Colleague: 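I have a structure here, written as C-alpha cells, and I will follow up with some questions on it.
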Amino acid sequence: MADLEQACEWLAQATSVAVLTGAGISAESGIPTFRGADGLWKQYKAEELATPEAFAKDPKLVWEWYNWRRGIIAKAAPNPAHKALVQLEIRKPAFTLITQNVDGLHDLAGSGKILRIHGDIWRLRCTVCGANWPNRKTPLPKIPPHCACGGLARPGVVWFGEPLPDGMMKEAEHAAAAAQVFLVVGTSANVYPAASLVPFAKQAGAKVIEINPDETQMSSLVDCVLRGPAGELLPKLV
Ligand code: BV8
Ligand code: ZN
C-alpha cells in the first residue's frame, strides 16, 4: 500500500505531469498487446509486418493485418485507465499524454493534449501524392485501399525503421523534462526512441511511476512501481 500512497502524494503535489502509454493500457478494452500471448497475428510478429519492407513486398498481407486490428479496435471502448487520464488532464495545469498506441482510445475517452508518436490506425496516407485522410471504415471495402489519385494507400502509422513524425520527439522530450511526475503505463519499454523518454524524465528530475502488472526494461530505473492492471490502479491514483 505504501507505494500507492507515495505515488498519490507525488501526483497530488505536482502541477506538471506527463504520461507515456503503451498497448497495456488498452488490454482491458480487449485489444491484444504486442508482446502478450495474444499479440501474434497468423504467427507473424508485429516487427515483421509493421515495416516498409513488408509493405513493399506484400501490401495486401499488411493491409489484412491492419484491417483485422481495426476490426478489433472498432468494437473496443476506453476503459477506466483511459478515463482516469482524462480526469488527470483536467486537474493538472500542465499535462501531456504521449502514446505509442495507434488505436485512438485516448481520443475516444476525451483526452486533449495527446502526442501520437507512432501515428493513428484510423488515418490513411497516399504512397504517391502524400495525401493523408481519416478513414474509420471496418472492414475496409477494398484491400489494399487506394487514394483518389490512384496511388496505393498505407496506414497512417510509423513503421519500424521509419522516423517519428517531425518534431514529435522534441515535443515529447520537452513535456518529459518539464514534468514533476512522469507516469509510465502499460508499456514494456522495448521500442525506441519512445522508451528513451523514461530515463530522460528521470534525469530531468521527475518522479517516475510505472504502472504494469509485469516487470519491464525500466522497472529498475523508476522511483515507484505499481504492479497491477492500469484499469484498477490509475483510478485509485487519480
Ligand atoms: C526509428 C506503430 C530511426 C505501428 C510501432 C535502439 C535500440 C534498439 C532498437 C532501436 C533503437 N533505435 C531504433 C531501433 C529500432 C526500432 C526499435 O526500437 N526496435 C525494437 C523492437 C528493438 N525503432 C524504430 O524503428 C523507430 N524508428 O528508430 O527510426 C530513423 C531515424 C531517421 C531516419 C530513419 C529511421 C520506430 C518505432 C515505431 C514502430 N511502430 N507502432 C503499429 O502499431 O502497427 S511500435 C509498437 O510496438 C507500439 O506502438 C509500441 O511502441 C510497441 C509495442 O510496445 P508496447 O506498447 O509497450 O506493448 P508490449 O506488448 O510490448 O507491452 C505491453 C505491456 O503492457 C507489457 O509490459 C505488459 O506487461 C503490460 N500490460 C498488459 N496488460 C496490462 C499492462 N499494463 C497495464 N495494465 C494492463 N491491464
Ligand atoms: Zn494520392
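All figures in this text were calculated on a predicted structure; none of them were measured in a lab. Because only heavy atoms are used, hydrogens play no part in the values below, and waters and symmetry mates are left out as well, while side chains stay in. Numbering of ligands and ligand atoms starts at 1, following listing order.
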Colleague: Between Lys113 and Glu171, is the closest basic N to carboxylate O distance under 4.0 Å?
Modeller: yes

Colleague: If the cut-off is 4.0 Å to any non-hydrogen atom of Gln100, which atoms of ligand 1 fall inside it?
Modeller: 48 (C), 49 (O), 50 (C), 51 (O)

Colleague: N/O of Glu162 under 3.5 Å from N/O of ligand 1, yes or no?
Modeller: yes

Colleague: Establish, from distance only, whether the side-chain atoms of Thr15 and Arg91 form a donor-acceptor pair under 3.5 Å.
Modeller: no

Colleague: Return yes or no for this condition: an N or O of Tyr66 is under 3.5 Å from an N or O of ligand 1.
Modeller: yes

Colleague: Among Pro32, Ala50, Gly161, Ala23, whose heavy atom sits nearest atom 35 (C) of ligand 1?
Modeller: Gly161

Colleague: Give me the atom names and distance for the closest heavy-atom approach of Gly119 to Val158.
Modeller: N-CG2, 4.2 Å

Colleague: If we count only N and O atoms by modelled type, under 3.5 Å, do the side chains of Gln100 and Thr187 hold a donor and an acceptor together?
Modeller: yes

Colleague: Less than 3.5 Å between some nitrogen or oxygen of Thr216 and one of ligand 1, yes or no?
Modeller: no

Colleague: Determine, considering heavy atoms only, which of Ala27, Ser26, Gly119, Gly186 sits nearest to atom 73 (N) of ligand 1.
Modeller: Ala27

Colleague: Give the contacting part of His118 toward ligand 1: side chain, backbone, both or neither, where contact means a heavy-atom distance below 4.0 Å.
Modeller: both

Colleague: Give the atoms of ligand 1, by number and element, whose distance to some non-hydrogen atom of Asp214 is under 4.0 Å.
Modeller: 69 (O)

Colleague: What pairs of residues pass the ring-ring contact (aromatic ring centres under 6.0 Å, His included) test when at least one of them lies in residues 101-141, not counting sequence neighbours?
Modeller: His82-His106

Colleague: Looking only at distance, does Pro229 have an N or O less than 3.5 Å from an N or O of ligand 1?
Modeller: no

Colleague: Are a donor atom and an acceptor atom from the side chains of Arg123 and Asn132 found within less than 3.5 Å of each other?
Modeller: yes

Colleague: Under 4.0 Å, counting heavy atoms only: does Pro213 come that close to any atom of ligand 1?
Modeller: yes

Colleague: Near Glu28, which atoms of ligand 1 are under 4.0 Å from a heavy atom of that residue?
Modeller: 78 (N), 79 (C), 80 (N)

Colleague: Is any NZ, NE, NH1 or NH2 atom of the basic residue among Lys60 and Glu64 found under 4.0 Å from an Asp or Glu carboxylate oxygen of the other?
Modeller: yes

Colleague: Should the pair Trp63 and Phe55 be assigned to parallel (<30°), tilted (30 to 60°) or perpendicular (>60°) ring geometry?
Modeller: perpendicular

Colleague: Going by distance only, is there an N or O of Phe34 that falls short of 3.5 Å from an N or O of ligand 1?
Modeller: yes

Colleague: Salt-bridge test for Lys202 and Asp223: reply yes if a basic N is under 4.0 Å from a carboxylate O, no otherwise.
Modeller: yes

Colleague: Just heavy atoms, cut-off under 4.0 Å: does Ile25 contact ligand 1 by side chain, backbone, both, or neither?
Modeller: neither

Colleague: Is there a polar contact, in the sense of an N or O pair closer than 3.5 Å, between Gly22 and ligand 1?
Modeller: no

Colleague: Any salt bridge between Lys83 and Glu28, counting N to O under 4.0 Å?
Modeller: no

Colleague: Please work out whether any backbone atom (N, CA, C, O) or any side-chain heavy atom from C-beta onward of Glu47 is under 4.0 Å from ligand 1, and answer side chain, backbone, both or neither.
Modeller: side chain

Colleague: Glu215 versus ligand 1: do any nitrogen or oxygen atoms come within less than 3.5 Å of each other?
Modeller: no

Colleague: What count do you get for protein N/O/S atoms less than 2.8 Å from the Zn ion (ligand 2)?
Modeller: 4

Colleague: Flag the pair Arg69 and Asp103 as a salt bridge only when some basic side-chain nitrogen lies within less than 4.0 angstrom of an acidic carboxylate oxygen.
Modeller: no

Colleague: Rounded to the nearest 0.5 Å, what's the gap from CD on Glu210 to OG1 on Thr216? Could you check?
Modeller: 3.5 Å

Colleague: Taking it one step at a time, do Val198 and Leu20 satisfy side-chain contact (heavy atoms from CB on, under 4.5 Å)?
Modeller: CA-CA 8 Å; Val198 182; Leu20 175 67; 4.1 Å; yes

Colleague: Just by distance, no angles: are the side chains of Thr21 and Thr99 close enough, under 3.5 Å, to form a donor-acceptor pair?
Modeller: yes

